[in-house]
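Letters A, B, ... are given to chains in the order of the sequence lines, protein chains preceding strands, and every chain is numbered from 1. Bear in mind the structure is a predicted one, so any value in this text is a computation, not a measurement.
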2 protein chains.
Amino acid sequence: MSDIELIIERIELRGHRITEGRRRVIQAVLKQPSHFTVEDVLQSTRRVGRATVFRTMRLLLDLNIVCRVLLDGGNLHYRISSRGHHHHLVCNDCGRVEDFTGCDVEPLVQALAAAMKYEIDGHWLEVYGRCEACRLLRSGRPESQTTQVLSQ
Amino acid sequence: MSDIELIIERIELRGHRITEGRRRVIQAVLKQPSHFTVEDVLQSTRRVGRATVFRTMRLLLDLNIVCRVLLDGGNLHYRISSRGHHHHLVCNDCGRVEDFTGCDVEPLVQALAAAMKYEIDGHWLEVYGRCEACRLLRSGRPESQTTQVLSQ
DNA sequence: CATAGTATTGACACCAAGTCTCAATGTCAA
DNA sequence: TTGACATTGAGACTTGGTGTCAATACTATG
Ligand SMILES: [Mn+2]
Ligand SMILES: [Mn+2]
Ligand SMILES: [Zn+2]
Ligand SMILES: [Zn+2]
């Protein structure tokens, strides 16, 4: 079964209707790179209203079909995510993102919570750096030090 | 020396001029609760332009005089922060925030980075839950379960 | 098949958060 | 005191997102 059909099925299971607009938005989402904004999705969907695109993105977020990535600098982007709770390792140069789940931050969080007498609901962790490719590019080709593939 | 004079001094040290507008914005920031938006600051400063308030907030952020807190749900708020790198434990009910530095997440982050061959620049960690006061309120007075002091 | 009852849509106004421009003004070191 | 230059404010603009509401599309049921 194709990616889109699997997503459609999950939406149906939650009691939502399958419409042509939703199908188009999902198709656009599936074509995006590593991470993207709703504006990006909007620009690659035709014949779907702005509000519907935003509503569909919210639906996908609720269903954990996409997640949000907090970029270094505070911008929230969207990203396809099959898993539930996970974190991101973001390359600040090229925008590449790696998901990770084995972060073992939960015990630390629990200890902290006990000390503070908080009951914990959840946490958010993002890690920023430079991927191997970008690092090699920098050290090997000093003239390209200002290369910045990711805009913004 | 008062809080405001200390901040003024740090701004001067970085080669910025001290103006009445900046003084007013800082005074407003110092009067805010646990966390706030620029809009909140704007509403408690008179005779200072909107752009100047935003520019001053950015200056304070650059100087680590304020930091940003990512609330559960994705809103970024501002917060006074004397320390450099630190994290937040946020009560989702009353909006209380505790800073913490002893998070020991660095070793985990380094291990992850080594596995992924990333060079690490930094990380972002926020923890969400319910503070003791809010927890007691909930369990002891079931009729106030929907109490939500923090708007939004 | 008809149709009623929801769910969804899209146009559009609105909102929140922030940036940009540029002429006018303020600050401070000399 | 004054000149260089940093800062300001009004307001237009941008980006990301929500609320309204009449029109349209699904779908279950008879
Ligand atoms: Mn985790
Ligand atoms: Mn840390
Ligand atoms: Zn990279
Ligand atoms: Zn609380």
Side-chain angles (χ1 to χ4, degrees), chain A residues 7-29 32 35-63 66-79 150-152, chain B residues 7-29 32 35-63 66-79 150-152:
Chain A
I7 293 173
I8 294 282
E9 191 169 300
R10 284 172 70 185
I11 292 176
E12 262 178 332
L13 271 170
R14 290 291 191 103
H16 301 286
R17 293 182 181 169
I18 300 313
T19 64
E20 197 43 40
R22 284 179 176 162
R23 211 176 270 275
R24 289 213 183 98
V25 172
I26 296 165
Q27 244 148 10
V29 163
Q32 298 303 311
H35 52 84
F36 52 88
T37 62
V38 180
E39 195 55 36
D40 296 328
V41 176
L42 244 151
Q43 290 186 350
S44 42
T45 39
R46 265 172 299 276
R47 280 179 284 273
V48 184
R50 185 178 153 72
T52 299
V53 173
F54 274 99
R55 284 187 290 234
T56 306
M57 285 310 295
R58 193 166 41 188
L59 182 61
L60 296 178
L61 198 57
D62 290 346
L63 296 175
V66 300
C67 62
R68 284 184 295 180
V69 192
L70 182 70
L71 300 185
D72 211 5
N75 286 59
L76 274 172
H77 275 212
Y78 291 81
R79 171 173 169 80
L150 185 64
S151 63
Q152 174 237 134
Chain B
I7 292 172
I8 294 284
E9 192 169 299
R10 285 173 68 185
I11 292 177
E12 263 179 329
L13 272 171
R14 291 288 191 105
H16 301 285
R17 293 183 179 169
I18 301 311
T19 63
E20 196 45 39
R22 283 178 175 164
R23 213 177 270 277
R24 289 211 183 98
V25 172
I26 296 166
Q27 244 147 11
V29 163
Q32 298 304 311
H35 53 85
F36 51 90
T37 63
V38 180
E39 196 54 40
D40 295 329
V41 176
L42 245 152
Q43 290 187 350
S44 45
T45 38
R46 264 172 299 277
R47 280 179 285 271
V48 183
R50 184 176 156 70
T52 299
V53 173
F54 274 99
R55 284 187 289 235
T56 306
M57 287 309 294
R58 192 166 42 187
L59 183 60
L60 297 178
L61 197 56
D62 289 347
L63 296 174
V66 299
C67 62
R68 285 183 295 179
V69 192
L70 181 70
L71 301 185
D72 212 5
N75 285 57
L76 274 172
H77 275 211
Y78 291 81
R79 171 172 168 81
L150 184 63
S151 62
Q152 172 240 140

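Between the CG atom of B/Leu61 and the P atom of C/dT19 there is a distance of 10 Å, rounded to whole Å. In this structure, B/His77 places its NE2 atom 12 Å from P of C/dA16, rounding to the nearest Å. Across the protein-nucleic acid pair, A/Phe36 atom CZ and D/dT15 atom P stand 18 Å apart, rounded to whole Å. In this structure, B/Arg23 places its CZ atom 12 Å from P of D/dT8, rounding to the nearest Å. The CZ-P distance, from A/Arg14 to C/dA7, rounds to 16 Å in whole Å. Separating the CE atom of B/Met57 from the P atom of D/dT8 is a distance of 14 Å, rounded to the nearest angstrom. Atom pair B/Asn75:CG and D/dG16:P shows a separation of 15 Å (rounding to whole Å applied). Separating the NE2 atom of A/His35 from the C1' atom of D/dG16 is a distance of 17 Å, rounded to the nearest angstrom.
Contact between the side-chain N/O atoms of A/Thr37 and the OP1/OP2 oxygens of D/dT15 is not found at any separation under 4.0 Å. A sub-4.0 Å separation between OP1 or OP2 of C/dA17 and a side-chain N or O of B/Tyr78 is absent.
Taking both residues in full, the closest heavy atoms of B/Ser44 and B/Gln32 are given as OG-NE2, 2.9 Å, listed atom of the first, atom of the second, then distance. Nearest heavy-atom pair across A/Val66 and A/Leu61 is O-CD1, 3.5 Å. Scanning all heavy atoms of the two residues, the minimum distance from B/Asp40 to B/Thr37 falls at OD2-N, 2.9 Å. When all heavy atoms of B/Tyr78 and B/Val38 are compared, the closest pair comes out as CE1-CG2, 3.4 Å.
Contacts between residues 39-53 of chain B and DNA chain C, defined by a heavy-atom separation below 4.0 Å, involve B/Glu39, B/Arg50, B/Ala51, listed by number.
One finds the CD1 atom of B/Ile11 at 10.5 Å from the CG atom of B/Asp62 (value rounded to the nearest 0.5 Å). Annotation: the span from A/Met57 atom CE to A/Phe36 atom CZ amounts to 4.5 Å, rounded to 0.5 Å.
When each of D/dA25, D/dG17, D/dC5 is scored by its nearest atom to the side-chain atoms of B/Arg17, the top-ranked nucleotide is D/dC5.
Side-chain to base pairing of A/Arg55 with D/dG19: no donor and acceptor N or O lie closer than 3.5 Å to each other.
Counting non-hydrogen atoms under 4.0 angstrom, B/Ile18 reaches the backbone sugars and phosphates but no base.
Take the nearest nucleotide of DNA chain C for A/Gly21 and for B/Arg58: the residue whose nucleotide is more 5' is A/Gly21.
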List the atom pairs, donor and acceptor, that lie under 3.5 Å between side-chain atoms in residues 15-26 of chain A and the rest of the protein, sequence neighbours left out.
unit_1, atom_1, unit_2, atom_2, d
A/Thr19, OG1, A/Arg22, N, 3.2
A/Arg22, NH1, A/Arg17, O, 2.7
A/Arg23, NH1, A/Glu5, OE2, 3.2

